Novice: 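This is the structure I want to talk about, given as structure tokens.
If you're wondering where the values come from, they're calculated on a predicted model, not measured in any experiment.
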Amino acid sequence: MNPSFAADLMERAREKGPVTIGLVGAGQMGTDLIVQIALMQGLRVGAVAVRTRPQNAIAAALSAGHRLDELVEVSNASAIDRAIETGRIAITTDLEALASAGRIEVIIDATGHPESGAIVAQAAIRHGKHIVMLNVEADITIGRHFKAEAEKAGVIYTGAAGDEPAAAVELVAFARALGMTVVAAGKGKNNALNFDAVPDDYVEEATARDMNPRVLVEFVDGSKTMVEMVALANATGLEPDKPGMHGPRASKEELAEVLVPTSHGGVLSRRGCVDYTIGRGVAPGVFCVVEPNHPRVLERMTDLHVGKGPFFTLHRPYHLTSLETPLTAACAVLYGTADLQPLDHPVAETAAVAKRDLTPGMVLGRIGEYDYRGWSMRWADARRDRLLPLGLAERARVTKPIKKGGLLSHDNCAVDESLTIVKLRRQLDLADQRFLSADAA
């Protein structure tokens, strides 16, 4: 973070007014954002777009301390601009109105839904707005497309600070800048891991945590971890060492002994991997296992009590999810920088694996429900086997029997070709094929 960041925000507010954010989604993350931004200087929420329930956005704004007379429901871009000009927050069910409003500078997608994320990012870039994706599911599916489109449009496409991928990328970049070898990077898993989790079994816990049971299950069944580590992989070039990763029960003190090559007593087949741990002391943080490349550096790391060597763990003990996301929006506007972007060519994929037996004719539900969960692997392997990306599984129709634990593919499922995310992924896949063919030639 730029050390003058707070001062730069204040100067921006004095000269041009606060950075004005358009928010899409008023669920748990959207509500957090509305509250957090209200506490910050130099930023403001100018408008909130929700698909069907404006009362959710109103309730979120009221909980943040805004008065009811500061909120106005609108249906077009000019009304959004008028609301912003008079110091109010516009609430709309029209995404296109929010994206085209002249006073909106940057849009945050807080829907967490792959198809919604695709539509939001497409609208934002089309109207020349920076786009912050608090939607890793969409990013790992078609983020490369939007990165390229944003560059053409002269705007920023970025993942969100506060999510584990962006937090881990900071550690990886730090280690690489110091000339250290990154052996492994990843996260501590926050929720107990249960691959068979379904919403019915988590209603009570979800209610206590003010969450949707489906959203909670996406965390519990491992899907979110797989998605996040694939995002980290595709931003850094690190790869899953094996399908599903290792996910050892390694504590913070043990990471530098476990997530290291087998030649040094660890579990990895090589250096340069993404993974996660369910051991104590790591969650809710992220880590980077590094290897110094000179005896003097190793000696200093040991002397500074970073670890015993020859590998060391860099650990950030927290990530603040949506509470940090406004910083990404501000940096996009102030500096034209991104906190997390995919590389031009992917190294990892999150495929979908059946959570129960699936029969022909079934139409699949959403991530975190009953039909499938995420499973990370190398991109080349997923492409070779025509596996179905997790972000395309919703509304796909099963065409052949799939046993529980079986991988979904384009050979046993037919995706919903009407979805925006499917159409954009088709374009990416075609471009990848051309690239691979040219590379082979």
Side-chain angles (χ1 to χ4, degrees), residues 1-3 5-6 8-9 18-19 21 23-45 48 60-61 63-65 106-112 117 130-137 139 156 158-174 185-191 206 208-212 215-216 218-220 224-225 227-229 231-232 235 252 276-277 280-288 313-335 337-341:
M1 181 61 63
N2 187 326
F5 181 62
D8 290 347
L9 265 178
V19 171
I21 296 169
L23 174 65
V24 184
Q28 183 185 49
M29 292 297 185
T31 298
D32 286 350
L33 281 162
I34 293 170
V35 170
Q36 180 62 32
I37 293 168
L39 300 172
M40 301 173 72
Q41 296 184 332
L43 292 149
R44 65 160 301 185
V45 173
V48 183
S63 71
V106 55
I107 293 174
I108 300 175
D109 172 48
T111 65
H130 304 300
I131 173 68
V132 179
M133 295 292 281
L134 190 56
N135 187 335
V136 193
E137 295 83 354
D139 178 70
I156 300 299
T158 177
D163 251 0
E164 283 124 321
V169 162
E170 289 180 3
L171 291 181
V172 171
F174 174 73
K187 61 171 280 186
K189 193 173 185 319
N190 297 311
N191 299 276
R209 296 173 61 178
D210 191 27
M211 295 180 71
N212 181 312
V215 173
L216 176 58
E218 183 180 349
F219 287 92
V220 175
K224 183 68 82 169
T225 293
V227 166
E228 290 169 339
M229 294 302 92
L232 173 60
K252 182 180 72 173
Y276 69 99
T277 177
R280 60 178 175 78
V282 184
V286 295
F287 65 85
C288 182
T313 299
L314 307 178
H315 178 233
R316 177 181 167 176
Y318 64 90
H319 73 287
L320 303 184
T321 60
S322 47
L323 303 183
E324 292 183 61
T325 300
L327 303 179
T328 301
C331 286
V333 174
L334 294 184
Y335 311 125
T337 57
D339 284 317
L340 181 74
Q341 287 185 324

Novice: Do the side chains of I107 and V24 get nearer than 4.5 Å, heavy atoms only?
Specialist: yes
Novice: Any side-chain heavy atom of L33 sitting closer than 4.5 Å to one from L134?
Specialist: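 In short, these two side chains touch, coming nearer than 4.5 Å.
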Novice: Between S322 (side chain only) and D32 (backbone N and O only), is there a donor and an acceptor less than 3.5 Å apart?
Specialist: no
Novice: R209 side chain to M211 main-chain N or O, any donor-acceptor pair under 3.5 Å?
Specialist: no
Novice: Quick check: closest heavy atoms across A160 and A166, and the distance to 0.1 Å?
Specialist: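 Of all heavy-atom pairs spanning A160 and A166, the closest is O-CB, 3.3 Å.
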Novice: Main chain of D163, side chain of T321: is a donor-acceptor contact present, judged purely on distance under 3.5 Å?
Specialist: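 No; judged by distance alone, with no hydrogens or angles, the pair does not exist.
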Novice: Once you round to the nearest 0.5 Å, how far does CD1 of I34 lie from OG of S63?
Specialist: 7.0 Å
Novice: Is the closest side-chain heavy-atom distance between V286 and Y318 below 4.5 Å?
Specialist: no
Novice: Side-chain contact test, heavy atoms from C-beta onward, threshold under 4.5 Å: evaluate it for Y276 versus V282 and give yes or no.
Specialist: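 Counting from C-beta outward, Y276 and V282 never come under 4.5 Å.
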Novice: Decide whether a cation-pi geometry holds between K224 and F219; the criteria are a distance under 6.0 Å from NZ or CZ to the six-membered ring centre and an angle within 45° of the ring axis.
Specialist: yes
Novice: Can you see which heavy atom on G112 is nearest to which on N135, and at what distance?
Specialist: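 The answer is N-ND2, 3.7 Å.
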Novice: Please check this pair: side chain of T31 against backbone of Q28, looking for a donor-acceptor N/O pair closer than 3.5 Å.
Specialist: no
Novice: Working to the nearest 0.5 angstrom, can you tell me the gap between R316 CZ and E170 CD?
Specialist: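 Between R316 CZ and E170 CD, I get 5.0 Å after rounding to 0.5 Å.
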Novice: Please round to the nearest 0.5 Å and tell me the distance separating atom SG of C288 and atom CZ of F174.
Specialist: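 It is 10.0 Å, given to the nearest 0.5 Å.
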Novice: Take M40 and L327 through the side-chain contact (heavy atoms from CB on, under 4.5 Å) test and state the conclusion after the steps.
Specialist: CA-CA 10 Å; M40 301 173 72; L327 303 179; 3.7 Å; yes
Novice: Would you confirm whether H319, through its side chain, and P284, through its main-chain N or O, come within 3.5 Å as a donor-acceptor pair?
Specialist: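 It does hold such a pair.
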Novice: Is it true that T328 and D339 share a donor-acceptor pair across their side chains at a distance under 3.5 Å?
Specialist: yes
Novice: Would you give the length of the straight line joining atom CG of L39 to atom CD of Q36, rounded to the nearest 0.5 angstrom?
Specialist: 5.5 Å
Novice: Restricting to non-hydrogen atoms, name the atom on A38 and the atom on A64 that form the minimum distance, rounded to 0.1 Å.
Specialist: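 Heavy-atom minimum between the residues: CB-O, 3.9 Å.
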Novice: For the residue pair L9 and G42, what are the closest heavy atoms and their distance?
Specialist: CD2-O, 3.5 Å
Novice: Where is the tightest heavy-atom contact between N190 and A283, given as atom of each residue plus distance?
Specialist: OD1-CB, 3.3 Å
Novice: What's the separation between atom NZ in K252 and atom OG1 in T277, rounded to the nearest 0.5 Å?
Specialist: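 Answer rounded to 0.5 Å: 12.5 Å.
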Novice: Have a look at P326 and tell me which of I37, V132, V106 forms a side chain to side chain contact (heavy atoms under 4.5 Å, CB included) with it.
Specialist: I37
Novice: Looking only at heavy atoms, what is the nearest atom pair of I21 and A329, with distance?
Specialist: CD1-CB, 4.1 Å
Novice: What I'd like to find out is whether the side chain of F287 reaches to under 4.5 Å of the side chain of L314, using heavy atoms alone.
Specialist: no
Novice: Is any side-chain heavy atom of T225 less than 4.5 Å from a side-chain heavy atom of E164?
Specialist: no
Novice: Please examine the side chains of T158 and M133, heavy atoms only from C-beta on, and report whether any two atoms are closer than 4.5 Å.
Specialist: no
Novice: Can a donor-acceptor pair be found, under 3.5 Å and without considering hydrogens, that links the side chain of K189 to the backbone of N191?
Specialist: yes
